[in-house]
**Student:** 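I am attaching a structure below and will ask some questions about it afterwards.
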Protein chains: 2
Amino acid sequence: MVPDDDGAFAPTTEDAPSSSGFLDDGKNTIGSQLASRLREAIISGELQAGSKINLDKARKTFNVSLSPLREGLARLISDGLVEFEDNRGYRVSSISLANLEEVTTLREEFEVFALRESMRLGDVEWEGNVMRALHRLNRTERDAARPETLERWEELHREFHLTLISGCGKPILLHFCRLLLNLNDRYRRVFLTRTSGDRNVSQEHSEIAQGAVARDLDYSCDMLRQHIHRTGTNLRNHLATKGIL
Amino acid sequence: MVPDDDGAFAPTTEDAPSSSGFLDDGKNTIGSQLASRLREAIISGELQAGSKINLDKARKTFNVSLSPLREGLARLISDGLVEFEDNRGYRVSSISLANLEEVTTLREEFEVFALRESMRLGDVEWEGNVMRALHRLNRTERDAARPETLERWEELHREFHLTLISGCGKPILLHFCRLLLNLNDRYRRVFLTRTSGDRNVSQEHSEIAQGAVARDLDYSCDMLRQHIHRTGTNLRNHLATKGIL
DNA sequence: ACTATCCAAATAATCGATTATCTGTCAAGG
DNA sequence: CCTTGACAGATAATCGATTATTTGGATAGT
């Protein structure tokens, strides 16, 4: 008997349930704190995609020394948000149509696969977590006029999708999905402040979640796939419209 | 005891993957070189799975300073070979039955998916690369008595699998597959010095490759899936036999 | 003009030393 | 005995300074 499934990616230090996590992250190392701040800065678009990260400026901006700065940046590489090249330093990962399409495709494949596995293996606690995440998400307004509500909604949305697949018992797969969600969220944070009129996203989430808890594999997986696909299409349109590429 | 009869910059036989593999030529940083050496040390089993990595000892062993050491280790995290925890340092990722099974399952899913995409999208150059990788692999003997042949074979084997899926046009997916191969190879390097009698691995590779070039999607994908699955089964048996877990 | 070569400023990488944190041990108090 | 807390040694994290590499621009030769 193996003590615990401590797979390669098992620990994943980061998120405790967002609601209850207060103090524990207050006293991480500087490197960790930086990683969080930088991650948020990148996903939110504060740090422009593709831009070079000047270590000296960053050092001054964040008021830290080089060691923890490099430490923090190194971690974002595993998140796919930062790229690195020897002697040339770090830069924020670029966004592109091709990248968006790959992210969408892979999410369709992997997230759906993970959901299927969750439905196959998840226990009652997983079901409960799914319903809770759904409820919290659907009870949260997204008001384009108040940015803090957008951030809050994004957080809960992310949490919902991760909870949905959290029962799959496959830490590496979860790591991949988390990474893809990071990349995906960056597009949405930059380009979407509201959903296109013809979608009822709350209902989509509900259908997926209820199907999942009812173990209706084909239905729920299909809903999730469509959900991801639609988001991809929307994002692609916005990307094209705003003529970034 | 660390007599420094060293060569921190020791020429080391580990030259770049043969002819046209990667671009890491002589002009790497210490951090990069360390990452390579450590990666090899972990995959080959020289550094025991699950063991803690004492920074001070490692620093002396490799005759480097802390900064590049951390740098190198940080990169192995993205490879899934090293885990990290704040204020507790780094450790070599554990191996376990659960982990092996996940790696195998995910390889079946992702690598097969990537192969399908490669067959759909790959161009003539991709076909050529596949045939070359196949030829070089099949022309290389694997002699359990001479470890260097094993290493060489592993390298070419890895190269073959990566080439096979290199036409898929999906960099993130390729990254995932590379990572999974790393994890998988570690099990094989530790547990398999020869294939079980009832397999003709060369032929398996040939069938996959030829089917791929002929764009026989279903056939080739099926062969690859079985190939991966068999390897997983073999490894699991060895793992159980040698009673590691 | 056009390229090649060589400097100097900018930037990245590394080092040695210092500071913060953890971990085991041992003694005092319950 | 068992727990608690303080100490010391081990280990990780961070800093400031130094060294190496890259890059842009000026200069000389064709």
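Naming convention: chains lettered A, B, ... in sequence-line order (proteins, then strands); numbering from 1 in each chain.
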**Student:** Return the value, rounded to whole Å, for the distance between atom CD1 of Ile53(B) and atom C1' of dA12(D).
**Tutor:**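 The answer, rounded to whole Å, is 14 Å.
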**Student:** Could you state the atom-to-atom distance from OH of Tyr90(A) to P of dA10(C) in whole Å?
**Tutor:**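 My rounded result for the distance is 22 Å.
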**Student:** Between the side chains of Thr29(A) and Asp86(B), does any donor sit under 3.5 Å from an acceptor?
**Tutor:**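 Asp86(B) and Thr29(A) do have a side-chain donor-acceptor pair below 3.5 Å.
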**Student:** State which residues pass side-chain hydrogen bond (donor to acceptor under 3.5 Å, both in side chains) with Glu46(B); sequence neighbours excluded, sorted by chain then number.
**Tutor:**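 Partners of Glu46(B) by the side-chain hydrogen bond (donor to acceptor under 3.5 Å, both in side chains) criterion come out as none, since no residue qualifies.
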**Student:** Tell me the interatomic distance from Asp86(A), atom CG, to dA20(D), atom P, rounded to whole angstroms.
**Tutor:**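 Between P of dA20(D) and CG of Asp86(A): 16 Å.
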**Student:** Between atom CG in Asp56(B) and atom P in dA20(C), what is the gap in whole Å?
**Tutor:**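 For the pair Asp56(B) CG and dA20(C) P, the rounded distance is 19 Å.
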**Student:** Expressed as a whole number of angstroms, how long is the span from Leu55(B):CG to dT21(C):C1'?
**Tutor:**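 The distance from CG of Leu55(B) to C1' of dT21(C) comes to 13 Å, rounded to the nearest Å.
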**Student:** Can you name the residues that form a side-chain hydrogen bond (donor to acceptor under 3.5 Å, both in side chains) with Thr231(A), not counting sequence neighbours?
**Tutor:**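 In terms of side-chain hydrogen bond (donor to acceptor under 3.5 Å, both in side chains), with neighbours along the sequence ignored, Thr231(A) is linked to Arg199(A).
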**Student:** Between N or O atoms, less than 3.5 Å apart, protein on one side and nucleotides 14-17 of chain D on the other: list the pairs.
**Tutor:**
unit_1, atom_1, unit_2, atom_2, d
dT14(D), OP1, Ile30(A), N, 2.4
dT14(D), OP1, Gly31(A), N, 3.4
dC15(D), OP2, Ser65(A), N, 3.0
dC15(D), N4, Ser67(A), OG, 3.3

**Student:** For Leu69(B), report the nucleic acid contact type (base, sugar-phosphate, nothing); a contact means any heavy atom under 4.0 Å.
**Tutor:**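 Contact class for Leu69(B): none.
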**Student:** Between C1' on dT21(D) and CD on Glu85(A), what's the gap in Å once rounded to a whole number?
**Tutor:**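 The distance from CD of Glu85(A) to C1' of dT21(D) comes to 13 Å, rounded to the nearest Å.
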**Student:** Any side-chain N or O of Asn87(B) less than 4.0 Å from the OP1 or OP2 oxygen of dC22(C)?
**Tutor:**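 Asn87(B) to dC22(C) OP1/OP2: side-chain N or O found under 4.0 Å.
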**Student:** Tell me which nucleotide among dT11(D), dT22(D), dA12(C) gets nearest to the side chain of Asn54(B).
**Tutor:**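 Between dT11(D), dT22(D), dA12(C), the one nearest the side chain of Asn54(B) would be dT11(D).
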**Student:** Taking side-chain hydrogen bond (donor to acceptor under 3.5 Å, both in side chains) as the definition, give me every residue that meets it alongside Glu83(A), ordered by chain and number, with sequence neighbours left out.
**Tutor:**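 Per chain and number, Glu83(A) pairs via side-chain hydrogen bond (donor to acceptor under 3.5 Å, both in side chains) with no residue.
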**Student:** Sequence neighbours left out, what passes side-chain hydrogen bond (donor to acceptor under 3.5 Å, both in side chains) with Glu40(A)? Give chain and number order.
**Tutor:**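 Result, side-chain hydrogen bond (donor to acceptor under 3.5 Å, both in side chains) vs Glu40(A): Arg189(A).
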**Student:** Return the nearest nucleotide to the side chain of Lys52(B); candidates are dT23(D), dA12(D), dA12(C).
**Tutor:**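 The closest nucleotide is dA12(D).
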**Student:** Applying ring pair (Phe, Tyr, Trp, His ring centres under 6.0 Å), which residue pairs with at least one partner in residues 54-77 of chain A are found, sequence neighbours left out?
**Tutor:**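 Found none.
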**Student:** Let me know the distance between NZ of Lys57(B) and P of dA10(D), rounded to the nearest Å.
**Tutor:**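 Lys57(B) atom NZ is separated from dA10(D) atom P by 11 Å.
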**Student:** Whole-Å distance between dA20(D) P and Gln33(B) CD?
**Tutor:**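 Atom-to-atom, Gln33(B) to dA20(D), this comes out as 14 Å.
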**Student:** Answer with base, sugar-phosphate or nothing: what part of the nucleic acid does Leu73(B) contact at a heavy-atom distance below 4.0 Å?
**Tutor:**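 Counting heavy atoms under 4.0 Å across all strands, no contact is made by Leu73(B).
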**Student:** Might you confirm whether atom CD of Glu125(A) has over 12 heavy atoms from other residues, nucleotides or ligands at distances under 6.0 Å?
**Tutor:**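 12 or below, so no.
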